[in-house]
Amino acid sequence: MKKESIQEDEKKETVLDKEMSLKEIRSKLDEVDRQIVELYQQRMELSIQVAESKMRSNRPIRDVRRENQKLEMVKSLVQKGSDKKNVEELFRMLMSASRKYQYHLMSKYSSGGCRIPFQEVDELPVKDCRVVYTGVEGAFAHEATLKYFGKDVISFHVPTFEESMNALSGGRADFAVIPIENTSAGVVADVYDLLVKCDNYIVDEMDLPVVQSLLVVPGTKLEEIDTIYSHPQGISQCNKFLNEHKEISTIEKSNTALAARMVAEEGNRSHAAIASQVAGELYGLETLISPLNHNLANMTKFAIISNKKIFRKNAQHISICFESEHDPGSLYRLMSHIIYNNLNMIKLESRPVPGQTWEYRFFMNFDGNFNQSGVKNALTGISEEAVSFKILGSF
C-alpha cells in the first residue's frame, strides 16, 4: 500500500473519531438539559407556592433584598471565578421568569395585580363636545380638529400645549387635539412631559398628511410674486420649489396660518403664503399650487386627549411611561415584561427627569387592549418593578 494512501486512511479515522466524540458530548449535553428542564419545572412549582403565600399575606412579588442574597449565595457555590458572572446572569433570568409567572397568577387569582382605572366605552363621547387645539385658526391642528370631529365642532384655540392641557383639566374642553409626532421632525417631547404632569389621557390618534399650498390673493399669477411668508418648517418643506424660484424671497412667521392671514389682510398680489388649504379657505385666499412641499410622505400624528380615564373597546395600542432603577440591566428587565407576554412594542422614547441629573423617564407604546390578560400581566410586572409608573392612555 502506498504511503500516501495510508496517511489518507489515518486522517479519515481521526475525523471519524472526532465526530463520534462530538456525538457523545452532545448526548451528554442532552441528558444534562433534560435534568435542567426537570429542575426548572420543580423550581416553578415552588414559585407557585411562593406566589400563593405572598398573595395570602398581601406581600409584593418582588423582594430585592432576597434576590440579592440569592445571587451572592449561588455565586459563592462557583469555584471558577470566570463562571461567577455567568451563574449570576443565569439566576437573574430564572428569578425574572419566576416573577413573571407570579405576576400572571396575581393578575388571574387576586386583586393584587395592576388595577387599570380606565372605563371601557363603545365610542368616544364626541356629541356636543368642546375641543381645544394649539395654534390659530387655519393651522394644521385646526385642520386635524375639523377632520376628526367634523366641521360643526365647537372648538377654540390657545397658544401653547400647556394651555390646551389646562383647558382640559379645568373642564373648559372635553378633548384636546395636540401634535405628538412628525415623520420628519420626530416626537413632540413637551407633550409627553405634560401627559406625565397632568391628569389627562390619550384616547385616540390620527395621522394628518402635511400638505403645504401656495396661497395668494385671488387672481394672482406666479410671476407677480416676489415674497413668500411662512413658518420656518413650511419654508424648509418647500425648498425644492423655492430653489427653482430664487427670484422669490422668504420671510419667516411664527405660524403658517398667521402668514396666510397677513397676506389676506394686505391684499398685495406680490405677496404669498405657504400654508394649508384650510387656512386659504378661512382667509379667502386662492390656492395657486398644491401640494407645494416635495415630501408627500410627511405626516403629523395628532393625539386626541381627554380628561376622563376612558378607552374604546376596540382600542389597539397602549401608552405608558416609567422610570427604571439606575443600575445595569434595569431597563431591559422592565422591557422583558413586554416580550414575555408576547406583546409588540412600537415606540420607546426617553426624556430627562426634571430636576434629576442624568436620570431618564421612558415612554413606551405597545400593541394591546386593557382587556387582554397579557397586557394586564405586563402592566403588573412593570408597575411592580419600576421606580415610577403611569398609564398615559389607550387608543
Side-chain angles (χ1 to χ4, degrees), residues 24-110 112-114 320 322-345 348 350 358-360 362 364 366 373-389:
E24 289 174 357
I25 293 170
R26 285 176 171 169
S27 177
K28 290 179 180 180
L29 278 173
D30 289 342
E31 179 57 33
V32 171
D33 289 343
R34 278 191 288 270
Q35 293 176 38
I36 289 173
V37 170
E38 290 175 3
L39 291 171
Y40 174 76
Q41 290 175 325
Q42 291 180 35
R43 195 180 198 283
M44 291 304 289
E45 286 295 325
L46 292 170
S47 294
I48 294 173
Q49 296 178 36
V50 169
E52 291 171 347
S53 174
K54 288 180 176 179
M55 284 188 285
R56 284 194 298 268
S57 57
N58 290 319
R59 293 171 59 189
I61 293 298
R62 192 177 187 199
D63 185 341
V64 177
R65 181 170 171 272
R66 167 65 178 165
E67 287 184 8
N68 290 335
Q69 288 175 343
K70 171 68 73 174
L71 291 173
E72 290 303 316
M73 186 273 287
V74 295
K75 284 193 293 183
S76 70
L77 300 176
V78 180
Q79 301 300 318
K80 190 177 177 181
S82 59
D83 285 342
K84 288 183 181 291
K85 186 65 179 177
N86 294 331
V87 169
E88 179 183 359
E89 180 63 19
L90 171 63
F91 273 83
R92 282 191 184 278
M93 289 189 291
L94 286 172
M95 289 188 290
S96 176
S98 174
R99 285 198 308 274
K100 290 179 177 66
Y101 191 65
Q102 290 180 54
Y103 291 137
H104 162 72
L105 295 175
M106 179 187 287
S107 298
K108 189 173 182 179
Y109 296 114
S110 81
C114 179
I320 63 174
F322 56 86
E323 293 174 41
S324 64
E325 296 173 341
H326 197 53
D327 59 55
S330 59
L331 176 59
Y332 166 76
R333 288 193 290 273
L334 292 175
M335 291 174 60
S336 68
H337 292 285
I338 300 296
I339 302 169
Y340 178 84
N341 288 286
N342 199 31
L343 301 173
N344 179 43
M345 184 179 69
L348 182 66
S350 66
W358 307 124
E359 297 286 336
Y360 293 88
F362 297 93
M364 179 192 291
F366 60 92
S373 60
V375 167
K376 294 177 182 177
N377 295 343
L379 295 178
T380 296
I382 295 173
S383 64
E384 286 276 331
E385 298 181 15
V387 173
S388 69
F389 171 80

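The basis for the numbers below is simple: all heavy atoms, side chains too, and nothing from hydrogens, waters or symmetry mates. Quick note: residue numbers are just sequence positions, from 1.
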Exercise. Verify side chain to side chain donor-acceptor pair (under 3.5 Å) between Ser96 and Lys100, making sure each step is shown before the conclusion.
Key: CA-CA 6 Å; Ser96 176; Lys100 290 179 177 66; 2.4 Å; yes
Quiz item: Taking only residues two or more places apart in sequence, or in another chain, which ones meet Tyr340 in a ring pair (Phe, Tyr, Trp, His ring centres under 6.0 Å)?
Solution: none
Quiz item: With a cut-off of 6.0 Å (strictly less than), are more than 12 heavy atoms of other residues, nucleotides or ligands near OH of Tyr360?
Solution: yes
Exercise. Applying side-chain contact (heavy atoms from CB on, under 4.5 Å), run through Gln102 and Val50 and close with a yes or a no.
Key: CA-CA 8 Å; Gln102 290 180 54; Val50 169; 3.8 Å; yes
Practice problem: State the CG-NE2 distance between Asn341 and His337, to the nearest 0.5 angstrom. | Solution: 8.5 Å
Quiz item: Under a 4.0 Å N-O cut-off, is there an ion pair linking Glu31 with Arg34?
Solution: yes
Quiz item: Would Leu331 and Phe322 count as a side-chain contact (heavy atoms from CB on, under 4.5 Å) if you check the C-alpha gap in whole Å, the side-chain angles of each, and the deciding distance to 0.1 Å?
Solution: CA-CA 10 Å; Leu331 176 59; Phe322 56 86; 3.8 Å; yes
Quiz item: With side chains defined as the heavy atoms from C-beta onward, is the minimum distance between Glu323 and Glu359 less than 4.5 Å?
Solution: no
Quiz prompt | Whether Ser383 side chain and Leu379 backbone form a donor-acceptor pair below 3.5 Å | solution = yes
Quiz item: If you take all heavy atoms of Val387 and Glu325, which pair is closest and at what distance?
Solution: CG2-N, 3.6 Å
Practice problem: Answer yes or no: does atom CZ of Arg66 have more than 12 heavy-atom neighbours from other residues, nucleotides or ligands under 6.0 Å? | Solution: no
Self-check item: side-chain contact (heavy atoms from CB on, under 4.5 Å) between Ile338 and Met364, intermediate numbers included
Solution: CA-CA 10 Å; Ile338 300 296; Met364 179 192 291; 3.7 Å; yes
Quiz item: Do Asp83 and Asn86 have side chains that get closer than 4.5 Å, going by heavy atoms?
Solution: yes
Quiz item: Would you call Arg99 and Glu67 a salt bridge, using N to O less than 4.0 angstrom?
Solution: yes
Quiz item: Stepwise, does the side chain to side chain donor-acceptor pair (under 3.5 Å) test hold for Glu385 with Tyr103?
Solution: CA-CA 11 Å; Glu385 298 181 15; Tyr103 291 137; 2.9 Å; yes
Quiz item: About how many Å separate CG of Leu334 and CD of Glu384, when rounded to the nearest 0.5 Å?
Solution: 11.5 Å
Exercise. With sequence neighbours excluded, tell me which residues meet side chain to side chain donor-acceptor pair (under 3.5 Å) with Asp30.
Key: none
Self-check item: Short N-O contact, Asp327 and Arg333, less than 4.0 angstrom
Solution: yes
Quiz item: Where is the tightest heavy-atom contact between Leu343 and Ala378, given as atom of each residue plus distance?
Solution: CD1-CB, 3.8 Å
Quiz item: Taking the side chain as C-beta and beyond, is there a heavy-atom pair between Met335 and Ile382 under 4.5 Å?
Solution: no
Quiz item: Mind checking whether Lys54 and Pro60 have side chains closer than 4.5 Å, heavy atoms only?
Solution: no
Practice problem: Drop me the distance from Met95's CE to Arg43's CZ, to the nearest 0.5 angstrom. | Solution: 7.0 Å
Quiz prompt | Heavy-atom closest pair, residues Met345 and Leu348 | solution = SD-CB, 4.0 Å
Quiz item: Less than 4.5 Å apart, any side-chain heavy atom of Ser324 and any of Phe362?
Solution: yes
Quiz item: For atom OH of Tyr101, is the number of surrounding heavy atoms from other residues, nucleotides or ligands below 6.0 Å larger than 12?
Solution: no
Quiz item: Any donor-acceptor pair under 3.5 Å linking the side chain of Ser53 with the backbone of Gln49?
Solution: no
Exercise. Check whether any side-chain heavy atom of Thr380 sits under 4.5 Å from a side-chain heavy atom of His104, and report yes or no.
Key: no
Exercise. For Asp33, enumerate each residue passing the salt bridge (Lys or Arg N to Asp or Glu O under 4.0 Å) test, keeping only those at least two apart in sequence or located in another chain.
Key: none
Quiz prompt | Check: Lys75 main-chain N/O paired with Lys84 side-chain donor or acceptor under 3.5 Å | solution = yes
Quiz item: Does a side-chain heavy-atom distance below 4.5 Å link Tyr40 with Leu94?
Solution: yes
Practice problem: Check whether more than 12 heavy atoms from other residues, nucleotides or ligands sit under 6.0 Å from atom CD of Gln35, and answer yes or no. | Solution: yes
Quiz item: Is any side-chain N of the basic residue among Arg92 and Glu89 closer than 4.0 Å to the acidic one's carboxylate O?
Solution: no
Quiz item: What distance do Leu29 atom CG and Ile36 atom CD1 have between them, rounded to the nearest 0.5 Å?
Solution: 9.0 Å
Practice problem: Answer whether the closest heavy-atom distance between the side chains of Asn344 and Phe366 falls below 4.5 Å. | Solution: no
